[in-house]
There are 2 protein chains.
Amino acid sequence: MFSKACEYGIRALLYVAVKSHGGERVIISDIAKEIDSPVSFTAKILQQLVKAAVVTSVKGPHGGFEITDEKMKTTTLAHIVEIIDGPAIFRSCGLGLGVCDEGTPCPLHFKYHNVRSELKKMLETSTLEKLIQGVERGSTHLKL
Amino acid sequence: MFSKACEYGIRALLYVAVKSHGGERVIISDIAKEIDSPVSFTAKILQQLVKAAVVTSVKGPHGGFEITDEKMKTTTLAHIVEIIDGPAIFRSCGLGLGVCDEGTPCPLHFKYHNVRSELKKMLETSTLEKLIQGVERGSTHLKL
DNA sequence: TCCGAAATATGACAAAAGTCATCTTTTGCT
DNA sequence: AGCAAAAGATGACTTTTGTCATATTTCGGA
């Protein structure tokens with residue numbers, strides 16, 4: 001469904017959000033440990049998200065990654081997925097056809113539409129703020 | 001969503017089904033041309049489906065691929081996807097966690113569940129027989 | 001001012017997915 | 001029996017994705 005990069009990216013962001021919510025910055029080695037991901041790869045993904053202004057980074061001693069409460073509220077999974085995996089997942093044909101729309105549909109088009117809108121709904125209604133609530137309560141987890 | 005192999009596989013099968021419905025066998029070069037896919041790759045995928053007994057092949061002159069009406073009725077996209085891409089899509093965690101179920105869910109688990117069940121519904125209710133109806137009528141297409 | 005902690009940048013490497021080409025086997029037809 | 005048409009099998013190659021390692025930049029603090 002999503003690429004590994006995207007999975008790690010979402011989990012990393014959620015972890016950063018949890019910590020930022022508690023007033024702490026986190027360093028990359030810590031993130032990778034807590035979400036069980038390869039350090040360098042995770043760093044690369046975070047860089048993308050910094051460029052896209054979803055999360056902020058601070059260099060030097062006591063630096064690390066952090067995210068504002070405002071960003072947690074406004075950033076949805078739809079944003080993150082689009083940044084990392086691109087917009088194809090929201091638009092592309094289920095059978096891989098270049099041309100596939102209401103007018104010239106593939107055999108799966110109309111049924112696939114339902115799946116996609118369910119997916120869109122999930123991604124657009126999931127903000128970081130909402131998703132970390134379970135993690136903070138301990139009812140959801142980010143590794144294993 | 002699906003791998004290229006799976007997309008080609010489904011389109012190839014649909015084309016074979018259309019032809020078989022009209023009483024004709026099709027050869028691989030014809031299939032590849034009509035669904036706009038690479039010949040050898042398509043052949044490899046069809047081989048998998050032959051082994052899985054979804055479609056039958058006949059060697060030698062006037063040979064080719066064919067599928068029985070019975071198989072068209074009973075074969076769903078769920079079968080095909082499972083054969084080619086494996087069962088992971090029906091079961092794996094949206095955030096890539098090894099452990100993720102009702103008891104120990106990831107932050108996305110319950111929302112993801114809806115997406116997956118919509119996907120399952122689509123795949124399980126789509127038989128080859130139903131899908132080729134549009135193609136035969138000319139209202140849906142398999143290439144471009 | 002210098003040291004060390006941190007992100008950033010870059011490139012090499014590995015694994016998986018997708019593609020291409022060639023050879024082998026089977027079989028109908030003459 | 002031999003030819004040709006077809007699938008089947010195999011391996012090499014390419015591209016994409018994921019991973020690792022190493023240098024570079026930035027900056028706080030002693």
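Heavy atoms only: backbone and side chains are in, while hydrogens, waters and symmetry mates are out. Lettering follows sequence order; numbering is per chain, from 1.
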Exercise. Base, sugar-phosphate, or nothing: which does A/S29 touch, judged by heavy atoms less than 4.0 Å apart?
Worked result: nothing
Exercise. Could a donor-acceptor pair under 3.5 angstrom be found where the side chain of A/K44 meets the base of C/dG11?
Worked result: yes
Exercise. Are a donor atom and an acceptor atom from the side chains of A/K4 and A/S37 found within less than 3.5 Å of each other?
Worked result: no
Exercise. Are A/K73 and A/E70 ion-paired here, with the side-chain N under 4.0 Å from a carboxylate O?
Worked result: no
Problem set entry | Test item: side-chain donor near acceptor, B/K111 and A/T125, under 3.5 Å | yes
For this session: Between D/dA21, D/dT25, D/dG18, spot the one nearest the side chain of A/F41, thanks.
Result: D/dG18
Problem set entry | Of the listed nucleotides C/dA7, D/dA7, C/dC20, the one nearest the side chain of B/S40 | C/dC20
For this session: Report which part of the nucleic acid A/V58 touches: base, sugar-phosphate, or nothing (heavy-atom distance under 4.0 Å, all strands).
Result: sugar-phosphate
Exercise. Taking atom types as modelled, is there a side-chain donor on A/H109 or A/E102 under 3.5 Å from an acceptor on the other?
Worked result: yes
Seminar exercise, completed: The nucleotide from C/dG28, C/dA7, D/dG8 with an atom nearest the side chain of B/H62 is C/dG28
Seminar exercise, completed: Considering only heavy side-chain atoms of B/P38, the closest of D/dA7, D/dA21, C/dT19 is C/dT19
Exercise. Is B/V55 touching bases, backbone alone, or none of the nucleic acid, heavy atoms closer than 4.0 Å?
Worked result: nothing
Exercise. OP1 or OP2 of D/dG18 less than 4.0 angstrom from a side-chain nitrogen or oxygen of A/Y8, does that happen here?
Worked result: no
Exercise. When you check the phosphate oxygens OP1 and OP2 of C/dA9, does a side-chain N or O of A/Q47 lie under 4.0 Å from one of them?
Worked result: yes
Problem set entry | Side-chain donor/acceptor of B/K4 to base of D/dT16, under 3.5 Å | no
Exercise. Does the side chain of B/S57 get closer than 4.0 angstrom to OP1 or OP2 of D/dA6 through an N or O atom?
Worked result: no
Exercise. If you find the nucleotide of DNA chain C closest to A/I28 and the one closest to A/P61, which residue's nucleotide is nearer the 5' end?
Worked result: A/P61
